Amino acid sequence: MYGRDIMSTYNHKQIERKWRQAWEENQIYKIKADSSRPKFYCLDMFPYPSGSGLHVGHWRGYVLSDVWSRYKMLQGYQVLHPMGWDAFGLPAENDAIKRGIHPSISTDKNIANFKRQLHEIGAMYDWDREINTTDPDYFKWTQWIFVQMYKKGLAYRKQMPINFCPSCQTGLANEEVVGGECERCGSAVEKRNLQQWMLKITEYADRLLGSLKTLDWPEKVLKMQESWIGRSEGAEISFSLADSDQQFVVYTTRPDTLFGATYMVLAPEHEFIQQITTPEQSKLVQSYIEKSLSKSSIERMASKEKTGVFTGAYAINPVNQEKIPIWISDYVLIDYGSGAIMAVPAHDDRDYEFAKVFDLPIRPVIADLNGNVPDLPFVMDGKLVNSGKYDNLLTADGKKAIVADLANLGIAEATVKFKMRDWVFSRQRYWGEPIPIIYCDDCGEVLVPEGELPIRLPEVDNYQPTGTGESPLAAIEDWVNTTCPSCGKPAKRETNTMPQWAGSCWYYLRYVDPQNLQAIADPNRIKYWTPVDLYVGGVEHAVLHLLYSRFYTMFLHDIGVVDFDEPFTRLFNQGMVTKEGVKMSKSKGNVVNPDELVEHYGADSLRIYELFIGPPEVDAEWMDSGIEGVYRFIQRVWNLFERSLTTTVASTKESEQRTHRLIATVTERIEAFKLNTVVSAFMAYLNEVGNTTDKQSLETLAILLGPMAPHLAEELWQILGRTSSIFLESWPVADPKMLVLDQVTVGIQVSGKTRGAVTVSADASQEDIQAEAMTLTSVRNSLDGKEVVKVIYVPGRILNIVAR
RNA sequence: GCCGGGGUGGCGGAAUGGUAGACGCUACGGACUUAAAAUCCGUUGGGCGCAAGUCCGUGCGGGUUCAAGUCCCGCUCCCGGCACCA
């Protein structure tokens, strides 16, 4: 019995409260590995629980992933759709500095608020699987991975100039510096020479690049990673000094232009400079070095005008024994290649500029394929000229020939270089995972034994970073002072902590077995659930988190923890939600708070509006009036059910066909991530249906609505007389036979110009359609006095009468 | 400079090479109401026309095609990324 006499109005508060409670009680989203069913792992990039809470922009990704999770669940998959907290990080620590409250306290408070807000979404998270990167039982394994890397020689300590953010008071990875500024706070970064922990991500450069092509990721992100890794093929060539047998090495991708090298350049930091500089040039050289070292990277980038100084020394070009001057300039970078170049001004933009400024010779050695020397600098491939016995070789052949000949002399080697650098992994801050290393006067650097993990953070009174490159932990005597695990003598702990990325590099693994105390996760569970099938998050992590996590995963593969190289099979980047064209943020004061919208319109309305706002991968402008339209839509759905159930409407062929068309459209569009047009499809369906429809249609409609409007769908399911959750039903499959239309509307064109349309039965012949078309005034008008040349008919779509 | 992505009504946006503007918002008109809100119905790319109709229209200029928002060539503007990586 589903008939009801009295229509009720849609009450989102009551409905949503009721179903959220029911879901918790029934625990229908509680999942377990079940090898008899296919799995789907749908992951959101977990948030940093900030003090400002969620805004409607955060909702966008979470709704999208929940739609997919519920869709897959209805298709019979065992779905893992977890949520957790990336809770180490500077805001909590800065807050602690200001107020003296331990970061874990404010973090817990923020998590509670986030969790409450996330509940409002009505997503099918299994909260038993919640993780928190600051939980010692979690970061034990973050430290454990570091230990494994150390054992494999992938974690090492080095004194080197690194990027340092004066505002965050900590060193940064290259990936965290954007245009010379700190990725987090926007301050200009400085160079500081500090003892650093580094991870050898460069050892994985080739693999990180190579397997990009296996990923179903947005092209944009793949390109960004590719250019970040920055592979180039070239050669290392040794040059001898003119007046000694000392040598230095340059890296070049254009060994074919070696005959055009008219000077050499060393980076100002190059250690060879001190040995070769002549006394006459010494003063100039020293002051140039000092000046360039004092420049921040932002200054160094800002002015592209070439500067430099001659060292007074000369090198010998190995192919022609020519004596060429050695200069120093900051346009050569110390940390790429060998920090030294051979300059070929005729065939390199930068060398050309430099040669113009200092009036150095420019000698073309590459001509175009016709043998003409084009305007300089000519940086493309061509044919070698002025190159002795190599003349007339093509660029590619010239490279090979010259490198091969020099290699025989033992002074050249073909090599591959990467722009990507090793990962600066230590932070001089408190609120992060302590690096599990102990320093002993006798034994040196010693790993903390795995059995002693996790190394917890001590309680401190002062969270203030020292700013001297030491972490606040250094001041906590009874924490720093320990004993050497190897010899037992007094020793000191490493006081640097890990960057925030450390915990997020592997978190996707922990969700499959979050409480495991013996292992990172149970191998069987890892095998069943991972890798992640769909990963949803913002594009801002394109070369940070996503690169680091790929690196960690490859390492975990190598030590046998996982059996794949790539953690995230498919990636979807949702667009931002903007207000007045700018990104929502607390500091700009343009945040739209979802809490009030949920209160006013309900979670289902907000969910659908988040989808309807625009193509999910594109940024979208928030409009208050938009959610009104969606709210009206939901009420219309509600009213359709209420009206239909107070009368009895029989199903017809037409209604069945209509329903199958909806199934087909919705399924197709979800698969294609065109979620805004899924909403349109429902709206169009509703316009078509009219005031009432049959029960069969209503049941299908309710299920199809489930992924987008789960509370509403459950309630509709119940008023249809069903007693179990709608999410235990199956996603309907469209019957192709029901998609065949009885009548079709065929557009009529005359010479390619649309003149109207005729509606005919689907089996009408071309002749029938043409005859029907001739009845249209507009068709007759445009054919008047003309001769029909040919007629093109695309069945069911268009009839084009070509006339002259 | 290099690499991506894009430019369609008043707005957000739809369109496997096949009736451009679905769907929604806004605005306007109407119904209901004492009135308003809500709801429902209608109109809503521009021009001409009483109408039938007709001309123009997807950043600009060419091209391919029976047919182009969609494909090709050249430009232009906007957004994002990288940027002295030899």
Side-chain angles (χ1 to χ4, degrees), chain A residues 9 178-180 218-228 230-232 234 250-254 257 265 267 300-301 303-306 329-333 335-344 347-351 353-354 379 417-421 539-540 542-543 581 608-609 612-615 617-630 632-633 635-636 639 668 674 676-687 691 745-758 776-778 781-782 789-803:
Chain A
T9 52
V178 179
E219 200 56 35
K220 177 184 174 154
V221 177
L222 295 176
K223 274 268 152 39
M224 283 168 75
Q225 291 218 355
E226 187 187 321
S227 59
W228 186 261
R231 185 180 196 273
S232 77
V250 303
Y251 174 72
T252 179
T253 55
R254 294 298 302 272
T257 62
V265 188
R300 208 161 146 165
M301 275 189 296
S303 82
K304 295 246 166 125
E305 288 109 67
K306 297 288 178 285
S329 173
D330 64 5
Y331 87 88
V332 173
L333 308 174
D335 54 357
Y336 183 74
S338 58
I341 62 158
M342 63 178 215
V344 185
H347 305 293
D348 181 279
D349 292 317
R350 298 147 301 182
D351 297 345
E353 261 182 66
F354 190 87
V379 298
K417 296 271 181 220
F418 295 92
K419 283 189 352 189
M420 185 171 67
R421 313 291 148 88
V539 73
E540 64 273 16
V543 284
I608 294 180
Y609 182 55
F612 192 55
I613 193 165
E617 70 281 6
V618 175
D619 292 352
E621 172 71 13
W622 180 265
M623 281 192 304
D624 289 327
S625 58
I627 194 170
E628 295 268 2
V630 167
R632 274 198 283 270
F633 161 72
Q635 290 185 67
R636 288 176 63 209
N639 293 337
E668 215 170 84
K674 295 179 165 183
N676 53 328
T677 66
V678 174
V679 180
S680 304
F682 281 115
M683 290 171 167
Y685 175 84
L686 223 58
N687 291 342
N691 284 328
T745 301
V746 177
I748 306 298
Q749 299 183 335
V750 176
S751 300
K753 205 169 187 116
T754 302
R755 293 294 168 182
V758 297
L776 299 175
T777 319
S778 56
N781 284 352
S782 44
V789 183
K790 65 171 161 177
V791 179
I792 288 149
Y793 177 52
V794 181
R797 309 220 71 146
I798 206 138
L799 182 83
N800 188 3
I801 303 166
V802 185

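Quick caveat: nothing in here was measured; it's all calculated off a predicted structure. Letters A, B, ... are given to chains in the order of the sequence lines, protein chains preceding strands, and every chain is numbered from 1.
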When you compare [N] with [M], how far apart are their [atom1] atoms, in angstrom units rounded to a whole number?
N       : M       : atom1 : answer
rA37(B) : rU33(B) : P     : 15 Å
rG46(B) : rA35(B) : P     : 33 Å
rA52(B) : rU64(B) : C1'   : 37 Å
rU54(B) : rC71(B) : C1'   : 30 Å
rG4(B)  : rC72(B) : P     : 14 Å
rG69(B) : rU58(B) : C1'   : 5 Å
rG17(B) : rC66(B) : C1'   : 12 Å
rG13(B) : rU26(B) : C1'   : 14 Å

Original post:
Do the ring planes of Phe682(A) and Phe633(A) sit parallel (below 30°), tilted (30 to 60°) or perpendicular (above 60°)?
Top reply: tilted
Please name the nucleotide paired to [N] by Watson-Crick or G-U wobble geometry with both distances under 3.5 Å, or report none.
N       : result
rC60(B) : rG74(B)
rA14(B) : none
rG4(B)  : rC79(B)
rG9(B)  : none

Of the candidate nucleotides [options], which contains the atom at the shortest distance from the side chain of [X]?
X         : options                   : result
Gln749(A) : rC84(B), rA86(B), rU19(B) : rU19(B)
Ile798(A) : rU19(B), rG24(B), rG80(B) : rU19(B)
Asn800(A) : rA22(B), rG12(B), rC66(B) : rC66(B)

Please report the closest heavy-atom contact between [X] and [Y], naming both atoms and the distance.
X         : Y         : value
Ser778(A) : Arg755(A) : OG-O, 2.5 Å
Ile798(A) : Tyr793(A) : O-CD1, 3.4 Å
Tyr336(A) : Ser232(A) : OH-OG, 3.2 Å
Leu333(A) : Ala267(A) : C-CB, 3.9 Å
Gly339(A) : Val332(A) : O-CG1, 3.5 Å

**OP:** For Val746(A) and for Val679(A), locate the closest nucleotide of RNA chain B by heavy-atom distance; then report the residue assigned to the nucleotide nearer the 5' terminus.
**Re:** Val746(A)
Original post:
How do Asn687(A) and Gly230(A) order along RNA chain B: which one's closest nucleotide is nearer the 5' end?
Top reply: Asn687(A)
Original post:
Salt bridge check: are Arg254(A) and Asp348(A) linked by an N-O gap of less than 4.0 Å?
Top reply: no
Between [atom2] of [N] and [atom1] of [X], the distance in whole Å:
X         : N       : atom1 : atom2 : result
Glu219(A) : rG6(B)  : CD    : C1'   : 16 Å
Leu333(A) : rC84(B) : CG    : C1'   : 6 Å
Arg632(A) : rU26(B) : CZ    : C1'   : 10 Å
Tyr793(A) : rU19(B) : OH    : C1'   : 14 Å
Asn639(A) : rA38(B) : CG    : P     : 16 Å
Glu628(A) : rA37(B) : CD    : C1'   : 12 Å
Phe633(A) : rC40(B) : CZ    : C1'   : 18 Å
Gln225(A) : rC82(B) : CD    : C1'   : 14 Å

Original post:
Does the side chain to side chain contact (heavy atoms under 4.5 Å, CB included) test come out yes or no for Leu799(A) and Val758(A), once each step is laid out?
Top reply: CA-CA 10 Å; Leu799(A) 182 83; Val758(A) 297; over 6 Å; no
**OP:** Ignoring backbone atoms, test whether Ser625(A) places a side-chain nitrogen or oxygen under 4.0 Å from the OP1 or OP2 oxygen of rC11(B).
**Re:** no
Original post:
Any side-chain N or O of Tyr336(A) less than 4.0 Å from the OP1 or OP2 oxygen of rA86(B)?
Top reply: yes
Heavy atoms only, 4.0 Å cut-off, all strands: where does [X] land among base, sugar-phosphate and nothing?
X         : result
Lys419(A) : base
Arg421(A) : base
Gly629(A) : sugar-phosphate
Asp351(A) : nothing
Thr745(A) : base

Subject >> Evaluation steps, side chain to side chain contact (heavy atoms under 4.5 Å, CB included), between Leu222(A) and Glu226(A) >> reply: CA-CA 6 Å; Leu222(A) 295 176; Glu226(A) 187 187 321; 6.0 Å; no
Original post:
Does any donor-acceptor pair link the side chain of Lys306(A) with the base of rC84(B) at a separation under 3.5 Å?
Top reply: yes
**OP:** Apply side chain to side chain contact (heavy atoms under 4.5 Å, CB included) to the pair Trp228(A) and Met420(A), showing each step before the final yes or no.
**Re:** CA-CA 6 Å; Trp228(A) 186 261; Met420(A) 185 171 67; 4.1 Å; yes
Original post:
Centre of Tyr331(A)'s six-membered ring, under 6.0 Å away, within 45 degrees of the axis: is that where NZ or CZ of Lys306(A) sits?
Top reply: yes
With 3.5 Å as the limit, what N/O pairs link the protein to nucleotides 13-16 of chain B?
{"residue": "rG13(B)", "atom": "O3'", "partner": "Asn676(A)", "partner atom": "ND2", "Å": "3.4"}
{"residue": "rA14(B)", "atom": "OP1", "partner": "Asn676(A)", "partner atom": "ND2", "Å": "3.1"}
{"residue": "rA15(B)", "atom": "OP1", "partner": "Lys674(A)", "partner atom": "NZ", "Å": "3.2"}
{"residue": "rU16(B)", "atom": "O4", "partner": "Arg797(A)", "partner atom": "NH1", "Å": "3.2"}

Considering only nitrogen or oxygen atoms on both sides, find all protein atoms under 3.5 Å from nucleotides 46-57 of chain B and state each distance.
{"residue": "rC55(B)", "atom": "OP2", "partner": "Arg755(A)", "partner atom": "NH1", "Å": "3.0"}
{"residue": "rC56(B)", "atom": "OP2", "partner": "Lys753(A)", "partner atom": "NZ", "Å": "3.0"}

**OP:** Have a look at rG63(B) and give me syn or anti from its glycosidic angle (syn if within 90° of zero).
**Re:** anti
Subject >> OG1-CE distance between Thr257(A) and Met342(A), expressed to the nearest 0.5 angstrom >> reply: 3.5 Å
